[in-house]
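Comments concern the structure below.
Numbers restart at 1 for each chain; the letters A, B, ... are given by sequence-line order, proteins then strands.
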Protein chains: 2
Amino acid sequence: MRADGQHKSAMTRRASRPSPVAPAKAPPDDTRRQILNAAAKLLRRNGYASTSLRDIASATGMKAGSLYYHFASKEEIAETVMVEGIDLVRAAVKKALAARPKHSDPLEDIEIAVRAHLHALHESGDYASANIRCFNHVPDEIKQRLRKVRERYNADWRKLINQARTAGCLDTDVDDEALRYGLFGVMNWTLEWLRPGGPLPDDLGAMFFRILFRGAARPPTRD
Amino acid sequence: MRADGQHKSAMTRRASRPSPVAPAKAPPDDTRRQILNAAAKLLRRNGYASTSLRDIASATGMKAGSLYYHFASKEEIAETVMVEGIDLVRAAVKKALAARPKHSDPLEDIEIAVRAHLHALHESGDYASANIRCFNHVPDEIKQRLRKVRERYNADWRKLINQARTAGCLDTDVDDEALRYGLFGVMNWTLEWLRPGGPLPDDLGAMFFRILFRGAARPPTRD
DNA sequence: CCTACCGATCGGTAGG
DNA sequence: CCTACCGATCGGTAGG
């Protein structure tokens, strides 16, 4: 079976000959990914302080000290997970917007973004959740760098809202920043209560969009 | 000055003679309160795992071991703080609703509740914030008991929303639980971003109520 | 309410 | 990537 050289799937293949760009002697990048996956799951569930390097190591099938062959510190592991968490959601929203129907109006774009953000938060899962759950308890130095990454994603939303504002789709007595914080609030708060058996993230996104943009109150009847 | 027996304010007075209901020989309840105040502040800022008994003790001017004269464990201190955090907000909302204008409609009641909740969260401060910030990282046994206390507060909001529903004030295609989670989301998420220099909690409450019930989109013009 | 201390666990390192 | 270990810190206790 091994003679044909095709026995491994593309997912797990390793270079059989040293490649000029990725030398085969180097430690497999897979291990690094396994560490990050385990760390993301644990950080999401237990928080920053309660996640020990021994927990991460044993979940990856190695000993605590060995983690330092791949990362310089616990902080570096956590920061890597959280940055990826932000970028995963950001990329998911960007991708959903790129696939939107032509000539969609600014409000439709926001609905697409809301649904994509919620979907990524609950399906991609651990990385994005770890970012939101651990942000407050991470050392200040990391927090400051994370803020810059978050700010890029905030800018995406400000742009979406501003396009709706410019197009005249938003009510004049609604504050744009309050609206953005409100959107982040309803979306990210789902991490506190939404369980696997509950409503689907996509349906929830549609409902939240409807409430925040059309309002929960019954519209006044035309008379 | 001490001869008149009136030198202490009512806030800090102690029983000068043993009272049948609260014997004077007992340790002062003030100390217990000071411990809880310090714990609430630290739990809010640093989270459950990163708040040590030594931190709480030194903030109260005592040694770590002495805390066990007032509480049985770190868990008991945290649980006490968090239960009070829920009850403080709940009481603030109840009080605000009790003082509402006569014949206010159900939507006005909800706006009052939103503003009271936000006000309590950011002015009463540490206890309520500690509850929200630490809930996920507290031992399961405590979490289960806290859920029951939270459930009482949830019931208050379900009642408010249900009254609006029954009165026909809410749109038929809005889900009541989604609306409640949305309200909690926008309100509690303010802990993640609202800083002392920012908008006043009351103004923010009015804005959030406006967005969630009237909608951020410009209403269709009547033609 | 303090001193002195317990066993457990933490992030991290040396040497291989 | 492991073994063996470091100093620091943790929640909690004994005895006063």
To the nearest Å, how far apart are Asn46(B) CG and dT9(D) C1'? 15 Å
Without decimals, in angstroms, what is the distance between Ile56(A) CD1 and dG11(C) P? 8 Å
Using a distance-only test with no angle check, is there a side-chain donor-acceptor pair under 3.5 angstrom linking Asn131(A) and Glu84(A)? no
Looking only at side-chain N and O atoms, does Thr190(A) offer a donor or acceptor that is under 3.5 Å from a partner on His122(A)? yes
Specify the residue among Tyr68(A) and Met62(B) whose closest nucleotide of DNA chain C lies further upstream toward the 5′ end. Met62(B)
From CG of Asp55(B) across to C1' of dT9(D) the rounded distance in Å is 11 Å
Donor-acceptor contact present, side-chain Lys74(B) to main-chain Thr51(B), <3.5 Å: yes
Tyr153(B) vs Trp157(B) aromatic rings, parallel, tilted or perpendicular, using cut-offs 30° and 60°? perpendicular
Identify whether any heavy atom of Thr51(A) sits under 4.0 Å from a base atom; if not, whether one sits that close to sugar-phosphate; answer base, sugar-phosphate or nothing. sugar-phosphate
Atom CG in Asp156(B), atom NZ in Lys94(B): separation rounded to 0.5 Å? 5.5 Å
Quick one, which residues of residues 132-140 of chain B touch DNA chain D with a heavy atom under 4.0 Å? none
Could you state the CZ-P distance from Phe71(A) to dG12(C), rounded to the nearest angstrom? 13 Å
To the nearest Å, give me how far apart CG (Leu53(A)) and P (dT3(D)) are. 17 Å
From CG of Leu67(A) across to C1' of dT3(D) the rounded distance in Å is 15 Å
For Thr60(B), which contact category applies under a 4.0 Å heavy-atom criterion: base, sugar-phosphate, or nothing? nothing
Testing dG11(D), dC10(C), dC1(D) for proximity to the side chain of Thr31(A), the answer is dC1(D)
Choose from dC10(C), dG12(D), dC1(D) the nucleotide whose nearest atom is closest to any side-chain atom of His70(A). dC1(D)
Side chain of Lys63(A): nearest nucleotide among dT3(D), dG11(C), dG11(D)? dT3(D)
Given atom OH of Tyr69(B) and atom P of dT13(D), what is their separation to the nearest angstrom? 17 Å
Kindly write out the residues that satisfy side chain to side chain donor-acceptor pair (under 3.5 Å) with Tyr181(A), not counting sequence neighbours, or none if the list is empty. none
Bend of the helix from dC1(C)-dG16(D) to dG16(C)-dC1(D) from end-axis comparison, five pairs per end, nearest 10°, comes to 0°
Around atom CZ of Arg180(A), are there more than 12 heavy atoms from other residues, nucleotides or ligands closer than 6.0 Å? yes
Angle class for the Phe184(A)/His117(A) ring planes (parallel below 30°, perpendicular above 60°, tilted otherwise)? perpendicular
Please compare Ser50(A) and Arg54(B) by the position of their nearest nucleotide in DNA chain C and report the one closer to 5'. Arg54(B)
Please answer whether the main-chain N or O of Asn37(A) pairs with a side-chain N or O of Tyr127(A) as donor and acceptor at a distance below 3.5 Å. yes
